[in-house]
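These notes are about the structure you will find just below.
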Amino acid sequence: MPYQAGSGHRDRHPRVHTPNHRHRAVDTSEDARHVLQLLTVMHGPVVLYLPADSDGHTPICLRRGDFHADSDDVLAGQTAGPTEFWMAGHFHVGLEDIDVSIAVHSAPGSDRRTPSLEAACGFRFALRIHAGGAADLIEEAS
């Protein structure tokens, strides 16, 4: 069953920000790249999505064909994979001045009912947020 982001309107076109945003290329940890590659081999092209009802740090991973962006969703960047990284519009506000990267954590016994593909493998993705141009970590999901 396709995962419909936002309000469920499929006839709307998503807002795609111009390529001059600093976080257009989303960095991934080596482990996150490996998990994304594995999921792509298993499921075909995948998308990372930070839904409006999330904690703001834990994106879900969906099959590209199962993801349908809502008009308020933003294509925030792309990993080297290449995996698109989408987020609900309200999370994107203010990201022009920060760097976002994707990490992966072991999550044994995680909730297998989630639509996120990596949960079935015992992992969860997490955002790492850095000040633009600085090496200092601002936030990371626990």
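Just so you know, these numbers come straight off a predicted model, no measurement behind them.
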Exercise for the section: For S101, check side-chain contact (heavy atoms from CB on, under 4.5 Å) against everything at least two apart and list the hits. Expected result: D27, R128, H130

Handout entry: Flag, side chain of S116 to backbone of C61, donor-acceptor distance under 3.5 Å
Key = yes

Completion exercise
Closest heavy-atom pair, S106 versus F123, reported as atoms and distance to 0.1 Å, is CA-CD2, 4.1 Å

Practice task
Locate the shortest heavy-atom distance separating L62 from P115; write the atom from each residue and the value.
Solution key: CD2-O, 3.7 Å

Tabulate below the donor-acceptor pairs under 3.5 Å that side-chain atoms of residues 29-37 make, not counting sequence neighbours, or state none.
unit_1 : atom_1 : unit_2 : atom_2 : d
S29    : OG     : A32    : N      : 3.1
R33    : NH1    : T28    : O      : 2.5
R33    : NH1    : T28    : OG1    : 3.4

Problem - Residues forming a side chain to side chain donor-acceptor pair (under 3.5 Å) with T83, sequence neighbours excluded - result: none

Problem - For the student: nearest non-hydrogen atoms of A88 and P51, plus distance - result: CB-C, 4.0 Å

Practice task
Any salt bridge (charged side-chain N to carboxylate O under 4.0 Å, His left out) involving residues 34-43? Give me the pairs, sequence neighbours left out, ordered by first then second residue.
Solution key: none

Practice task
Taking all heavy atoms of G56 and all of L127, pick out the closest pair and write down the distance.
Solution key: O-CD1, 3.7 Å

Handout entry: H105 versus A126, closest heavy-atom pair with distance
Key = CD2-CB, 3.5 Å

Practice task
Would you mind listing the cluster partners of L38? Hydrophobic ones only (ILVMFWY), side-chain contacts under 4.5 Å, chaining allowed.
Solution key: M42

Handout entry: Contacts of type salt bridge (Lys or Arg N to Asp or Glu O under 4.0 Å), residue R63, not counting sequence neighbours
Key = D66

